Amino acid sequence: WRTANYALVQELAGKFREKNGSIVCKELLGLVPMGSGQTTIKESPIPSDRTSEYYQKRPCEELVGISARIFGEKIAEMEKDN
């Protein structure tokens with residue numbers, strides 16, 4: 001089962017990467033360039049105000065939705081095959 005689960009996770013992550021360019025949060029949020037391999041982020045210790053502009057820079061809800069759709073499509077495909 002472990003091998004099959006690993007392959008499934010790799011497949012789903014690959015689909016997410018195809019749609020979004022990365023699976024790395026700091027890259028998805030634009031904190032570091034895509035594919036840069038940069039490991040540190042220069043951020044202020046002062047929290048940002050939670051405004052609509054702030055949330056537009058943080059597309060987490062949209063990205064979770066994309067993940068859910070990819071997962072749902074895979075579940076439907078697997079049920080169809082069974």
Side-chain angles (χ1 to χ4, degrees):
W1 286 98
R2 187 179 301 180
T3 301
N5 286 335
Y6 183 76
L8 177 60
V9 168
Q10 291 297 311
E11 176 187 346
L12 298 175
K15 288 181 180 184
F16 185 89
R17 186 182 293 110
E18 286 174 18
K19 289 184 177 283
N20 300 289
S22 180
I23 60 169
V24 179
C25 186
K26 63 187 169 189
E27 292 179 357
L28 294 167
L29 294 177
L31 300 173
V32 299
M34 291 275 189
S36 69
Q38 192 173 339
T39 58
T40 58
I41 304 168
K42 289 187 178 182
E43 287 192 86
S44 169
I46 302 168
S48 302
D49 291 333
R50 298 312 195 246
T51 63
S52 61
E53 291 82 18
Y54 170 86
Y55 287 109
Q56 287 176 353
K57 294 179 190 175
R58 300 288 194 265
C60 304
E61 184 177 335
E62 177 186 352
L63 295 170
V64 168
I66 291 168
S67 297
R69 280 190 294 280
I70 290 169
F71 191 68
E73 289 167 0
K74 184 62 179 179
I75 290 172
E77 176 187 315
M78 291 170 71
E79 286 178 348
K80 184 181 175 184
D81 290 344
N82 286 332

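All figures in this text were calculated on a predicted structure; none of them were measured in a lab. Positions are given from 1 along the sequence.
Pairing each heavy atom of Phe16 with each of Leu63, the nearest pair is CE1-O, 3.6 Å.
The closest side-chain heavy-atom distance from Tyr54 to Asp49 is not below 4.5 Å. A heavy-atom distance below 4.5 Å is not found between the side chains of Leu29 and Lys57.
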Item to complete: Check the pair Glu73 / Arg69 against salt bridge (charged side-chain N to carboxylate O under 4.0 Å, His left out), numbers first and verdict last.
Response: CA-CA 6 Å; Glu73 289 167 0; Arg69 280 190 294 280; over 6 Å; no
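Grouping the Ile, Leu, Val, Met, Phe, Trp and Tyr side chains by contacts below 4.5 angstrom, directly or via other members, places Ile66 with Leu12. By the rule that hydrophobic residues join a cluster once side-chain heavy atoms approach within less than 4.5 Å of another member, Val9 and Ile70 end up as members of separate clusters. Leu28 is connected to Phe71 through a chain of hydrophobic side-chain contacts under 4.5 Å among Ile, Leu, Val, Met, Phe, Trp and Tyr, so both are in one cluster.
For residues 20-35, the pairs satisfying side chain to side chain donor-acceptor pair (under 3.5 Å) are Ser22-Glu27, with sequence neighbours left out.
Taken from OG in Ser48 to CD1 in Ile46, the straight-line distance is 9.5 Å, to the nearest 0.5 Å. Remark: Met34 CE to Arg17 CZ distance equals 11.0 Å, nearest 0.5 Å.
The neighbour count for Glu61 CD, taken as heavy atoms of other residues, nucleotides or ligands under 6.0 Å away, does not exceed 12.
Electrostatic pairing of Glu77 and Lys74 counts as a salt bridge here, judged by a charged N lying under 4.0 Å from a carboxylate O.
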